[in-house]
Amino acid sequence: MPLQWTIDHSKKFVHIVVLDGPLTLKDMEEHFDAIAVADAMGYAKLFDATRFQPVYSDDDVMMMGARLSAYTATLESGPLAVFGTDPALEFAFRRFTNVSPSQRPAALFRTEAGARAWLAEKAAARMAPPQGPILPKKPQTRLRKKQ
């Protein structure tokens with residue numbers, strides 16, 4: 001399998017690496033399924049695509065979109081940082097993010113350092129308390145008219 005991933009539940013982080021060989025729809029589906037089963041879809045994801053060799057058709061892209069729709073209907077999606085320098089990577093990244101119904105932040109970087117810094121920024125923003133005073137909610141009451 002050309003994809004390898006490590007899930008760190010304590011850090012809520014998934015590190016995905018493209019190994020040697022072409023990357024197919026089946027490979028992507030297997031990795032999404034494993035991450036979903038591990039209850040890690042909401043974690044930040046660092047995707048190392050430095051050895052990226054995509055092999056997919058337009059139908060494959062649509063199938064991936066359908067699978068992602070099913071996941072995002074019930075699972076939160078964490079931020080995604082992809083890094084690599086292959087010119088085909090930018091095109092694949094744009095296609096992937098366009099078919100994904102997720103509203104999560106996703107960005108493409110040329111370096112791992114840039115991708116990690118961006119993910120750290122996103123993690124800090126998620127952990128930061130809301131700005132401004134937090135006012136207690138007023139209890140909702142309804143008055144019934146006497147009949």
Side-chain angles (χ1 to χ4, degrees), residues 1-140:
M1 155 157 302
L3 274 182
Q4 176 183 332
W5 55 90
T6 306
I7 300 171
D8 185 336
H9 291 287
S10 66
K11 294 180 181 174
K12 297 188 180 220
F13 181 77
V14 180
H15 186 199
I16 307 152
V17 179
V18 177
L19 303 173
D20 292 322
L23 183 59
T24 65
L25 172 66
K26 183 179 181 232
D27 300 322
M28 291 297 289
E29 288 175 338
E30 286 177 12
H31 116 276
F32 277 120
D33 291 346
I35 291 169
V37 167
D39 198 25
M41 290 297 278
Y43 295 0
K45 293 167 198 70
L46 178 67
F47 194 101
D48 178 347
T50 53
R51 293 184 231 158
F52 179 72
Q53 295 176 24
V55 178
Y56 53 81
S57 67
D58 288 341
D59 286 341
D60 291 342
V61 172
M62 297 310 291
M63 300 244 328
M64 180 56 65
R67 179 164 290 216
L68 292 172
S69 290
Y71 285 138
T72 59
T74 57
L75 301 172
E76 175 190 4
S77 296
L80 170 68
V82 178
F83 69 94
T85 57
D86 188 313
L89 178 59
E90 183 175 355
F91 179 71
F93 175 80
R94 298 225 184 282
R95 286 187 83 183
F96 172 78
T97 55
N98 284 338
V99 300
S100 174
S102 173
Q103 297 301 310
R104 70 160 170 215
L108 179 62
F109 300 87
R110 296 190 68 70
T111 66
E112 181 175 353
R116 284 186 180 275
W118 182 82
L119 280 175
E121 210 176 273
K122 295 299 172 195
R126 286 178 90 177
M127 301 306 281
Q131 298 298 315
I134 299 175
L135 303 174
K137 291 184 178 181
K138 292 182 182 179
Q140 301 246 341

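Because the structure is predicted, anything quoted here is derived from the model rather than measured.
- Residues D48 and T50 bring a donor and an acceptor atom of their side chains to less than 3.5 Å of each other.
- To the nearest 0.5 Å, atoms CG (L25) and CE (M64) are separated by 4.5 Å.
- Separation of atoms OG1 (T72) and CD (Q103) is listed at 9.0 Å; rounding is to 0.5 Å.
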- Message: I'd like to know whether Y43 forms a side-chain contact (heavy atoms from CB on, under 4.5 Å) with K11, so could you lay out the CA-CA distance, the side-chain angles of the two residues, the decisive distance to 0.1 Å, and finally the verdict.
- Response: CA-CA 8 Å; Y43 295 0; K11 294 180 181 174; over 6 Å; no
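- Pairing each heavy atom of T97 with each of A106, the nearest pair is CG2-CB, 4.0 Å.
- Nearest heavy-atom pair across D27 and P22 is OD2-O, 3.6 Å.
- For the pair M41/E76, no side-chain contact is recorded, criterion being any heavy-atom separation below 4.5 Å from C-beta on.
- In D39, the CG atom is not crowded: 12 or fewer heavy atoms of neighbouring residues, nucleotides or ligands sit closer than 6.0 Å.
- A distance of 12.5 Å separates CD of Q53 from CG of L89, quoted to the nearest 0.5 Å.
- We find the CD1-CD1 distance between I35 and I16 to be 4.0 Å, quoted to the nearest 0.5 Å.
- For the atom pair H15 NE2 and E112 CD, the distance stands at 5.5 Å (nearest 0.5 Å).
- Closest of all the heavy-atom pairs between A34 and I7 is O-CD1, 4.5 Å.
- With rounding to the nearest 0.5 angstrom, the CG atom of D58 is 13.5 Å from the CE atom of M63.
- Taking each heavy atom of H31 and W5 in turn, the nearest pair found is CB-CZ3, 3.3 Å.
- Counting heavy atoms from C-beta outward, R104 and K45 have side chains that approach closer than 4.5 Å.
- A salt bridge does not link D60 with K26: every distance from a Lys NZ or Arg NE/NH1/NH2 to an Asp or Glu carboxylate oxygen is 4.0 Å or more.
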- Message: side-chain contact (heavy atoms from CB on, under 4.5 Å), that's the test. Do L119 and F13 meet it? Break it down for me.
- Response: CA-CA 10 Å; L119 280 175; F13 181 77; 4.0 Å; yes
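- Taking the six-membered ring for Trp and thresholds of 30 and 60 degrees, W118 and F109 have ring planes inclined between 30 and 60 degrees apart.
- Using cut-offs of 30° and 60° for the angle between ring planes, the Y71 and F32 rings count as tilted.
- In this structure, L3 and F47 have side chains that are in contact, with non-hydrogen atoms separated by less than 4.5 Å.
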- Message: Test side-chain contact (heavy atoms from CB on, under 4.5 Å) on Y56 and R95; report intermediate values, then the result.
- Response: CA-CA 11 Å; Y56 53 81; R95 286 187 83 183; 3.6 Å; yes
